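Presented below is the structure to which this report refers.
All heavy atoms count here, side chains included; hydrogens, waters and symmetry mates do not. Letters A, B, ... are given to chains in the order of the sequence lines, protein chains preceding strands, and every chain is numbered from 1. Nothing here was measured: the structure is a model prediction, and the numbers come from that model.
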2 protein chains.
Amino acid sequence: MTKPSRSAPRAVSGTKPAKAKPLALGDLTQLLGYSIRRAQLWIFKEFSRQLAAFEISPAQFSVLCVIDANPGVNQLAVAQLLSIERAGLGRLVDHLESRGLVRRTASAVNRRYYVLYLTEAGIALLARLRPAAAESDKALAAKIGPRAYKELRQALSIFVEDA
Amino acid sequence: MTKPSRSAPRAVSGTKPAKAKPLALGDLTQLLGYSIRRAQLWIFKEFSRQLAAFEISPAQFSVLCVIDANPGVNQLAVAQLLSIERAGLGRLVDHLESRGLVRRTASAVNRRYYVLYLTEAGIALLARLRPAAAESDKALAAKIGPRAYKELRQALSIFVEDA
DNA sequence: TATTGTTATACTCTATAACTATA
DNA sequence: TATAGTTATAGAGTATAACAATA
């Protein structure tokens with residue numbers, strides 16, 4: 001596809017966007033799924049802004065949290081808990097290990113297992129990430145209002161509990 | 001990184017996952033942002049399941065909806081309305097055009113503009129997509145309950161209105 | 001000089017299958 | 001035979017910059 005050609009036929013619209021022609025989202029406004037999608041994009045942007053200095057993605061943060069809450073957990077369990085493919089999680093842990101945040105140890109009991117711990121550096125970093133993550137969630141609460149925040153927390157908890 | 005080696009030192013855990021050691025998400029359960037992320041993943045999966053027969057992604061569906069609601073809209077306006085990069089939207093429209101769902105016409109007024117319309121096939125397909133999309137949103141309503149559904153619709157509408 | 005759209009590139013995610021080593 | 005982890009691969013989405021055509 002190249003640029004619009006001179007042989008343009010009977011097209012009428014596309015004139016001045018400055019005019020009073022507000023665009024409509026159509027059926028999308030009726031779908032909660034679309035609102036949640038847009039909310040999620042906003043949240044990731046806000047999260048990344050808050051944690052930009054640490055170079056930690058939302059997914060990396062979630063893995064650090066789970067290892068912190070379950071010292072000695074194995075990779076597959078983390079992947080299932082977070083609904084991440086185990087192959088993808090392996091690479092994610094690779095990266096965290098190369099940054100010295102996570103320690104991978106072979107299980108003494110079952111040698112198919114890796115056993116994951118946070119390093120001292122990982123624990124220290126997570127201590128700094130936590131308030132930043134809480135800040136980004138506060139920004140979300142400010143955006144939607146405290147009552148809606150509480151309602152949503154309760155309504156959407158089922159998506160993380162049946163993991 | 002290879003497999004755990006024989007020289008595994010003093011690792012203790014990672015034994016029998018069948019035992020009663022429920023994994024914890026840690027701080028993640030406190031973050032609404034994480035719940036919304038998980039909810040959004042669930043929704044995309046459900047949407048893809050409902051619309052599998054049509055081979056239409058959520059993003060493609062959203063573009064069809066916007067063109068339908070705004071015949072003669074130009075690409076940049078669609079991109080801004082949906083918060084998609086214009087380069088990415090160009091490829092997306094390429095695909096819809098190659099499937100005969102969207103017609104690209106050069107604007108007679110401003111030749112920098114493309115002017116987008118649904119073709120007859122596009123209109124016909126969208127008529128079949130709409131109930132399927134509504135179905136997937138109903139599945140979401142069933143999952144979280146009708147009251148929460150209404151509350152969320154209102155609380156999250158701000159993310160689509162200030163587009 | 002600014003704007004619409006395209007192209008190219010790169011990077012991240014995701015999904016899948018095949019492979020190993022262990023059980 | 002099944003499981004934990006890795007590797008390789010391909011596809012989608014995203015972000016960026018550079019470019020042509022037009023205003």
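Salt bridge absent: Arg99(B) and Asp94(B) never bring a charged side-chain N and a carboxylate O closer than 4.0 Å.
One atom, CG of Asn74(B), and another, C1' of dT22(D), lie 14 Å apart when rounded to the nearest Å. We find that CG of Leu82(A) is positioned 11 Å from P of dT14(C), with the value rounded to whole Å. Atom C1' of nucleotide dA20(D) and atom OH of Tyr114(B) are separated by 12 Å, given to the nearest angstrom. Rounded to whole Å, atom C1' of dA21(D) lies 15 Å from atom CG of Leu76(B). Distance Arg86(A) CZ to dC19(C) C1': 11 Å, rounded to the nearest Å. Distance CD (Gln40(B)) to C1' (dC13(C)): 12 Å, rounded to an integer number of Å. Taking atom CD on Gln75(A) and atom P on dA21(C), their separation rounds to 17 Å, with Å as the unit. Put simply, CZ on Arg111(B) is 15 Å from C1' on dT3(C), counting in whole angstrom units.
Nearest-nucleotide positions on DNA chain D place Leu89(A) closer to the 5' end than the other of Leu89(A) and Lys45(A).
For the 3.5 Å distance criterion, the side chains of Gln80(A) and Arg86(A) fail to qualify, holding no donor opposite an acceptor. In this model, no donor atom of one side chain and acceptor atom of the other lie less than 3.5 Å apart for Tyr34(A) and Asp27(A).
Phe54(A) and Phe61(A) have their aromatic ring centers separated by at least 6.0 angstrom.
Interface remark: the Arg112(B) side chain does not form any donor-acceptor pair with the dG5(C) base, using a distance-only criterion of under 3.5 Å.
Distances shorter than 4.0 Å separate none of the side-chain N or O atoms of Asn110(A) from OP1 or OP2 on dA4(D). Contact annotation: Arg104(B) side-chain N/O to dT4(C) OP1/OP2 distance is not under 4.0 Å.
In terms of the side chain to side chain contact (heavy atoms under 4.5 Å, CB included) criterion, residue partners of Ile84(B) (sequence neighbours excluded) are, by chain and number, Leu82(B), Leu89(B). Looking at residues two or more places apart in sequence or on another chain, you find a side chain to side chain contact (heavy atoms under 4.5 Å, CB included) between Glu135(B) and Gln50(B), Lys138(B).
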Could you list, one pair per line, each protein nitrogen or oxygen that sits under 3.5 Å from a nitrogen or oxygen of nucleotides 8-14 of chain D, together with the distance?
from	atom 1	to	atom 2	distance (Å)
dT14(D)	OP1	Arg37(A)	NH2	3.1
dT14(D)	O4	Arg91(B)	NH2	3.4

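The side chain of Tyr113(A) approaches dA4(D) more closely than any other nucleotide in the set dT7(D), dA18(D), dA4(D).
Put simply, CZ on Arg130(B) and SG on Cys65(B) are 6.5 Å apart, with the number rounded to the nearest 0.5 Å.
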